[in-house]
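Take a look at the structure set out below.
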Amino acid sequence: MLALVLLGTAPGARSPAAAQRPAAAAPSAPLRSQEIRALWVLRGSLTRPDRIDRLVTAAARSGFNTLLLQVRGRGDAYYDSAIEPRGVGVAGTFDPLAYAIAAAGRSGLRVHVWFNTNLVASTAMLPTSRTHVINAHPEWLMVPRPIAADLAKLGPRDPRYVRRLVEWTRRNAEGVEGLYTSPVTPEAAQYVERVVSDIVTRYPVSGVHLDYVRYPSNLFDHSQTSLLAFRESMQRELPPADRRRLDDRLRHDPLVYADAFPERWAAFRRLRLADLVARVRGAVHRARPDALVTAAVIPDAREAFEHKLQDWPDWARRGLIDAFCPMAYTASLPVFNRQVAAAREAAAPRPVWAGIGAYRLTPAQTIDHIAAARSAGAAGVVLFSYDSLVESAAGDPLGDIGRVAFAPTRAAAEPEPYARPQRPGSR
């Protein structure tokens, strides 16, 4: 029997290494004094100047004060980048982010860059650019457990490696959105940090909003790099006889260490994800100390912890994230109430901007969800998404929501102090 005490973990549990890290500074004052009224804006709305003009006009007119612009959707760039390939559909030499920041500033809107962190490719349409991360660095991609042993035999530079990973992902498309880079691989984490640093150094953004800052599921990352990094982390704790026994089995079974210490293996992956978040925060604050770092998270902290290896309550306690956006996309108002209340408790002491799935709600339901978020004490709301609301064939949903929920009588540049309003009537 292996002479090792397994360390059990729970959402928010801190490893000894994590406990030694200093917490980041508290969020800036505007988070506590102003209601955030934000829109998630998909990259397709950033490809031409006229689309951005329409976005800014509609958002300001409807009483919103913050735009989360998806400038990195799938390992691409909807801004001028020398690191990642240009986003699909961007017109000519047009710089979407520079144009959006200028236009938003004239209308008093804050701009946060929405950054898909680990998700880098859709398997429905694979990137063709040689510089795209999945083509340049297949060794950085996350690997699911069911095909880990087969891929280990091939190696990342074998043309069949990515092909098999793509085929598996397509077969499991209901649960896996695409191909992800691994937070465990040091070079991949450094790459993410470099991309974020490039953006915040060159563009005067109000914040960086992290999405897909998670594992696709707890089946990931069983890449050779991750498995060997875990083995190395365990070597110092194991008696020599146990190391020899496991290493002998490792020749035939690359998963032996992960299987021998499942709780430690899960904790190791969570910690590496937290380390990536810390890297990003450092990159942002070195360039823009006043910029906010926010994150879209699974609303149920236990589900996030167990199934996505995303321990976001621990990020809150360590001060890695300034505000959390739980993706509470349910159409049920009672469920939404419970999710926001639970998220506020889990995120403490950090504020919550309630993520609302407006794409699946009527304007009246969206207004009810905004009122519920306020009643639950959320510091703001983020609607998903601007694009779905303006593409509706029925009237002006965005304006209808704004006229009731936000009553935009003041300039969007000066958001009103947070006050709990009366709940609008139901449909």
Side-chain angles (χ1 to χ4, degrees), residues 14 17-18 21-28 31 40 66 68-79 81 83-84 97 110-120 133 137 140-142 180-216 221 269-298 304 308-327 347 350-351 353 382:
R14 302 175 71 185
R21 296 191 181 97
S28 56
L31 274 172
W40 273 299
T66 305
L68 308 184
L69 305 182
Q70 190 183 51
V71 300
R72 189 197 200 222
R74 299 291 185 271
D76 45 21
Y78 286 77
Y79 59 97
S81 173
I83 302 173
E84 298 200 293
L97 182 54
R110 293 182 288 264
V111 170
H112 295 225
V113 287
W114 169 13
F115 187 87
N116 281 355
T117 311
N118 294 329
L119 178 62
V120 292
V133 65
H137 294 286
W140 295 354
L141 296 175
M142 287 202 216
Y180 285 64
T181 52
S182 176
V184 181
T185 304
E187 295 82 3
Q190 291 163 9
Y191 178 79
V192 169
E193 179 184 7
R194 180 183 169 211
V195 174
V196 172
S197 180
D198 176 58
I199 295 173
V200 296
T201 299
R202 296 189 297 115
Y203 294 91
V205 297
S206 296
V208 173
H209 178 69
L210 303 179
D211 197 2
Y212 289 101
V213 59
R214 58 182 186 259
Y215 293 79
D221 172 35
R269 288 175 287 164
R270 291 187 192 102
L271 182 58
R272 287 300 184 94
L273 184 61
D275 288 344
L276 175 60
V277 174
R279 275 182 175 274
V280 170
R281 183 178 184 87
V284 172
H285 283 184
R286 282 192 297 273
R288 302 201 177 274
D290 294 331
L292 301 177
V293 180
T294 62
V297 296
I298 305 300
K308 303 294 185 178
L309 303 175
Q310 182 190 63
D311 189 3
W312 60 264
D314 184 56
W315 306 351
R317 282 186 284 276
R318 291 170 54 189
L320 299 180
I321 296 294
D322 295 312
F324 291 89
C325 304
M327 296 176 288
R350 306 294 158 178
W353 303 349
V382 189

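None of these values were measured; they are calculated from a predicted model.
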Using 30° and 60° as the class limits, which term best fits the ring planes of Tyr79 and Tyr203: parallel, tilted or perpendicular?
->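 Because their plane-to-plane angle is over 60°, the rings of Tyr79 and Tyr203 count as perpendicular.
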Measuring only between side-chain heavy atoms, which start at C-beta, is [X] closer than 4.5 Å to [Y]?
X: Arg350; Y: Ile321; result: no
X: Ile199; Y: Leu97; result: yes
X: Thr181; Y: Tyr191; result: no

Quick one: list whatever passes side-chain contact (heavy atoms from CB on, under 4.5 Å) with [X], sequence neighbours left out.
X: Pro186; value: Gln190
X: Arg194; value: Ile83
X: Thr185; value: Trp140, Ser182, Glu187, Ala188, Thr225

How close do Ala296 and His209 get, heavy atom to heavy atom, and via which atoms?
->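 So the minimum-distance heavy-atom pair works out to N-CE1, 3.5 Å.
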Minimum-distance pair of heavy atoms, taken over all atoms of Val184 and Arg272 |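 Smallest heavy-atom distance, with atoms named: O-NH1, 2.7 Å.
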Just by distance, do the side chain of [X] and the backbone of [Y] share a donor-acceptor pair under 3.5 Å?
X: Asp322; Y: Thr294; result: no
X: Arg279; Y: Val192; result: no
X: Ser197; Y: Glu193; result: no

With rounding to the nearest 0.5 Å, note down the distance linking CG in Leu309 to CZ in Arg269.
->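 Nearest 0.5 Å value for the CG-CZ distance: 5.0 Å.
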Pairs of donor and acceptor atoms involving the side chains of residues 111-120, under 3.5 Å and at least two apart or interchain, shall be tabulated with distances.
| residue | atom | partner | partner atom | Å |
| --- | --- | --- | --- | --- |
| Trp114 | NE1 | Asn116 | OD1 | 3.3 |
| Trp114 | NE1 | Asp211 | OD2 | 3.1 |
| Asn116 | ND2 | Gly73 | O | 2.9 |
| Thr117 | OG1 | Phe115 | O | 3.4 |
| Thr117 | OG1 | Asp211 | O | 3.0 |
| Asn118 | ND2 | Arg214 | O | 3.2 |

Contacts of type ring-ring contact (aromatic ring centres under 6.0 Å, His included), residue Phe324, not counting sequence neighbours =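 Partners of Phe324 under the ring-ring contact (aromatic ring centres under 6.0 Å, His included) test: Trp312.
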Return the set of residues passing salt bridge (Lys or Arg N to Asp or Glu O under 4.0 Å) with Arg72 (not counting sequence neighbours), or none when no residue passes.
->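 Residues passing salt bridge (Lys or Arg N to Asp or Glu O under 4.0 Å) with Arg72: Glu84.
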